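Because the structure is predicted, anything quoted here is derived from the model rather than measured. Any value given below was found using the heavy atoms of this structure, including those in side chains, with hydrogens, waters and symmetry copies removed. Positions are given from 1, in the same order as the sequence printed here.
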Amino acid sequence: MTNDHAHMAHALQLAARGLYTAHPNPRVGCVIVRDGEIVGAGWHQRTGEAHAEIHALQQAGARARGATAYVTLEPCCHHGRTPPCTDALIQAGVARVVAAMRDPNPKVAGTGLQQLKAAGVAVESGVLQTEAERLNPGFIMRMQHERPFVRCKLAMTLDGRTAAADGASQWITGEAARADVQHWRARSSAILTGIGTVLADDPRLTVRLAEDHLHPLRVVLDSGLRLPPGARMLQEPGQTLVLTAGGNDAKRAALTQAGATVVKLPHGNGGIDLHAALRTLAAEYAINELLVEAGPTLHGALLDAGLIDELVIYMAPALLGDGARGLFHLASPPAMPQRIELEISEVRAVGQDWRITVTPSKPLAPRCNRG
């Protein structure tokens, strides 16, 4: 129904308010409508706090009885940090629940809607499902594939160069593009980089926004524990995680003393096993969306391993020439039919630069497993 779509669109707008603060939980919005009037609305703001349905029910009060609840994600039916939302909806006397999508969490996965239906509540799902899925790509990926959604941020010149021949890369893009990157950082559960980038640039990997946000986990792939204990990121708020495949006890102790958490993982081809790294981030740290800000070696390794879900590329109107560095360290395909094909999903001007969002045209088959 037309009204269903309009009310669900409102719920999705509410859900987006949790873009920077809800993780590791999904971003969820809820609108309660009775006799065509919105009587309650809410969104999930932070993990451990009330879910969207509870906020909306509290606002609606007694007017929730006989109403329709529009929720961007199937209501939860299990005890976590908060009680089940299905119980609250049933107790409030809601007559109908419309969910944009089913919950990919195996603890829910359709059971929430089944419980509502068994209690006499009319249920429906699939209204604006695609839009709801776009809001939570990381949560869906973690629940269904036990790894984060991997988004790589790159900056390049018009001729596809990321750094000058001497390695200098600051700054390829303008201030507007660099400010835009802060929003990608803020929506991410973690920011991943390689030790080469840290040694070259000493980045802070922080979010510099006025809006309320959480501090993303900073993750460094560092096979030999070369991260200096005095690195700037170790002086910043939040946690720094160092994933390694080697290093000695003295280096580990120095980094731990400096505030880092050091985790040893299996070797891959040429470094850390990237699949193991992503599994660890999902299982142990509940990372939904992982933003990669690194150099061509790590970007190439992730592409080789079939682990990139989206590329956000900022293109500056400048040229650096043949001797400058490229986007990826990749082996050239033997022939044109073996090229890696991508799809451009969005092109947008950001200041004097262009932001190009690219996705693999089909799931990338792992070609190797180096890290």
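- Side-chain contact between Leu274 and Leu221: present, with at least one pair of heavy atoms (C-beta onward) separated by less than 4.5 Å.
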Practice item. Take Glu146 and Arg279 through the test salt bridge (charged side-chain N to carboxylate O under 4.0 Å, His left out) and record every step on the way to the result. Key: CA-CA 6 Å; Glu146 299 181 335; Arg279 286 195 300 269; over 6 Å; no
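- Remark: Arg208 pairs with Gln182, Arg185, Arg204, Thr206 by the side-chain contact (heavy atoms from CB on, under 4.5 Å) rule, at least two apart or across chains.
- Here Asp4 pairs with Arg96 in a salt bridge; the nearest charged N to carboxylate O distance falls below 4.0 Å.
- For Asp202, there are no side chain to side chain donor-acceptor pair (under 3.5 Å) partners, not counting sequence neighbours.
- Residue pairs meeting the salt bridge (charged side-chain N to carboxylate O under 4.0 Å, His left out) criterion with at least one partner in residues 186-199, sequence neighbours excluded, are Arg187-Glu289.
- A search for side chain to side chain donor-acceptor pair (under 3.5 Å) contacts involving Asp309 returns Arg147, not counting sequence neighbours.
- When hydrophobic residues (I, L, V, M, F, W, Y) are linked wherever their side-chain heavy atoms come within less than 4.5 Å, Leu214 remains an isolated member.
- Relative orientation of the His299 and Phe328 rings is perpendicular, given thresholds of 30° and 60° on the angle between their planes.
- The side-chain contact (heavy atoms from CB on, under 4.5 Å) test applied to Pro216 returns Ile191, Val207, not counting sequence neighbours.
- His55 pairs by the side-chain contact (heavy atoms from CB on, under 4.5 Å) definition with Gln45, Ala50, Gln58, not counting sequence neighbours.
- Under the 4.5 angstrom side-chain criterion for Ile, Leu, Val, Met, Phe, Trp and Tyr, the cluster partners of Met141 are Phe149.
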Exercise for review: In sequence, state the C-alpha distance, the side-chain angles, and the governing distance for Arg218 and Glu236, and then conclude on salt bridge (charged side-chain N to carboxylate O under 4.0 Å, His left out).
Suggested key: CA-CA 10 Å; Arg218 296 179 291 270; Glu236 297 291 340; 5.9 Å; no
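- Judged purely by atom type and a 3.5 angstrom limit, Thr357 has no side-chain atom pairing as donor or acceptor with the backbone of Ser345.
- Annotation: side chain to side chain donor-acceptor pair (under 3.5 Å) contacts of Glu74 (sequence neighbours excluded): none.
- Both tests hold for Arg178 against Trp171: distance to the six-membered ring centre under 6.0 Å, angle to the ring axis within 45°.
- Within 6.0 Å of the CZ atom in Arg339, the count of heavy atoms belonging to other residues, nucleotides or ligands exceeds 12.
- In this structure Val263 satisfies the side-chain contact (heavy atoms from CB on, under 4.5 Å) test together with Leu241, Leu243, Thr261, Leu265, Tyr285, sequence neighbours excluded.
- For residues 202-225, the pairs satisfying ring pair (Phe, Tyr, Trp, His ring centres under 6.0 Å) are His213-His215, with sequence neighbours left out.
- Among residues two or more places apart in sequence or in another chain, the side chain to side chain donor-acceptor pair (under 3.5 Å) test is passed with Asp353 by none.
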